[in-house]
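Just below is one structure, and these are the notes that go with it.
Counting convention: from 1, in listed order, for ligands and their atoms alike.
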Amino acid sequence: MTISAEASDGGARAPASTRSPDATGEPWDGLILGASLVTLVGPEGYGEISDGALGWRDGLLTYAGPREGLPGKPGALARDVITTDGWITPGLVDCHTHLVFAGDRAREFELRLQGASYEEIARAGGGILSTVEALRACDEDELLRQSLPRARALCADGATTLEIKSGYGLDFEGERRMLRVARRIGRELGVGVCTTYLAAHALPVEFQEQADAYIDEVIQWLPRLHAEGLVDAVDAFCEGIGFTPAQTRRVFEAARALDLPVKLHADQLSDLGGAALVAEFGGLSADHVEHTSEEGVRAMAAAGVVAVLLPGAYHVLRETRLPPLAAFREHGVAMAVATDCNPGTSPLLSLRQGIQLACTHFRLTPDEALRGATVNAARALGLGDRGALREGLRADFVRWKIRHPAELGYWLGGDLAGGVWIGGQRVHPQ
Ligand code: DI6
Ligand code: FE
């Protein structure tokens, strides 16, 4: 399932180009020489090319290969030739974030350190509902002001595409405000943004004990928001403290009626069969999946559903139950890695750090984790035009100040991103 270019704002800066990159005879806009490339072309490994060259024009890559294979002299090929070192990878794709929110939950973090569980806090009206209260008190500009620095931080550490969910408004205006802010972030930073409608995230106070009536509302808001061009995909929180599989199914049916792809917060705290439900709907991804059963994994494999691993939430909640990693590998389920950036369970502002956590906690190899944060993450968003370095794909890439790509899964913190380009435009450092 693919999100069409019209429906998605995922391609914020790159103008659509139908020309074949080399048929025009026009010079390329840029050419980088000297760095090694992590192309991620091919089914596994880094696809590395030492002493590489990367060219682009009109927002798309025109060349990604060895310097010696260039089809001419650098000065004649491109308007702007840069010689550098380090490693260039595809831009990181953060395929699961809740980065539009108001306030923070540092106080809740303290309560958890004292022994309260995430579920206890949620059931006592804290958790997600406290962020809902903070968000409802913010107008659109204020929400943008608070959210933009988080998006900026993610981009400064290599993210060139962000998925951003609603889910803290839980009423029509609040959900709309969040999605509008997500789109504005895309325009403001020139970053690719895919929006996801997650009104079925928690039950708002005004619908206490009336979850089915709330789902009726969620289903009614969806076509209105979609008509405004605000929705690229639909998600739900299928969990004991969220919504039942039957309620989730109703939301998915509403998405299907609009031809919108689905994804799910599935099997995070318990196994409610969420992964199999996404598979039944031919969805893009099942996310979290710590408690997914072998049967769920098989269903995902058969339907081509991506497993989105969220090691930030696992880490912060001090979870111990690992996702079924061996089964994902055995059945050929593609694994993505994302930040889940949110104020409750994953205040994580770097996808590179997410790669580190995926290696440390889930024992992904650094190349698996990097694939998870690029090519597989793009797939989890239905985007086939990014996530690798290959002629014809978007010119979204990062130059890292490292000696080997395994360093991306190794360092905790630090300043490694020497340059970030989105659609051929350098966005960081500016
Ligand atoms: N699972 C998550 O990881 C986020 N939402 C969800 O359903 C957490 C959201 C929050 O606690 O604010
Ligand atoms: Fe989440």
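The two residues V398 and A417 make their nearest non-hydrogen contact at CG1-CB, 4.2 Å. The two residues T345 and V316 have their closest heavy-atom pair at O-CB, 3.1 Å. Closest heavy-atom contact between L40 and G45: CD2-O, 3.8 Å. Among all heavy-atom pairs drawn from M335 and L325, the shortest one is SD-CD2, 3.9 Å.
The Fe ion (ligand 2) has no N, O or S atom of H288 under 2.8 Å away, backbone or side chain. Among the atoms of D340, an N, O or S atom is found under 2.8 Å from the Fe ion (ligand 2).
For the pair R390 and Y63, the cation does not sit on the ring face, since its NZ or CZ is not both under 6.0 Å from the ring centre and inside 45° of the axis.
Heavy atoms of Y168 approach ligand 1 to within less than 4.0 angstrom. For the pair T131 and ligand 1, no heavy-atom separation below 4.0 Å is found.
Close N/O approach between D340 and ligand 1 is found [any backbone or side-chain N/O within under 3.5 Å].
Annotation: F362, atom CZ; neighbour count of heavy atoms from other residues, nucleotides and ligands within 6.0 Å is above 12. For CD of Q114, the number of neighbouring non-hydrogen atoms (other residues, nucleotides, ligands) closer than 6.0 Å is greater than 12. Annotation for E217: atom CD counts as buried by contact number, over 12 foreign heavy atoms lying within 6.0 Å.
The option from H201, H288, H265 that lies nearest to atom 5 (N) of ligand 1, judged by heavy atoms, is H201.
Contact annotation: for E239 versus ligand 1, there are no heavy atoms closer than 4.0 Å. Here Y118 has side-chain heavy atoms under 4.0 Å from ligand 1, and that is the only part of it that gets that close.
Close contacts between ligand 1 and G344 involve ligand atoms 11 (O), 12 (O) [criterion: under 4.0 Å to a heavy atom]. Per-residue contacts place N342 under 4.0 angstrom from the following atoms of ligand 1 (heavy atoms of the residue considered): 3 (O), 4 (C), 8 (C), 9 (C), 10 (C), 11 (O), 12 (O). If you number the atoms of ligand 1 from 1 as listed, the ones under 4.0 Å from a heavy atom of R105 come out as 10 (C), 11 (O), 12 (O).
The N, O or S atom of H98 lying closest to the Fe ion (ligand 2) is NE2.
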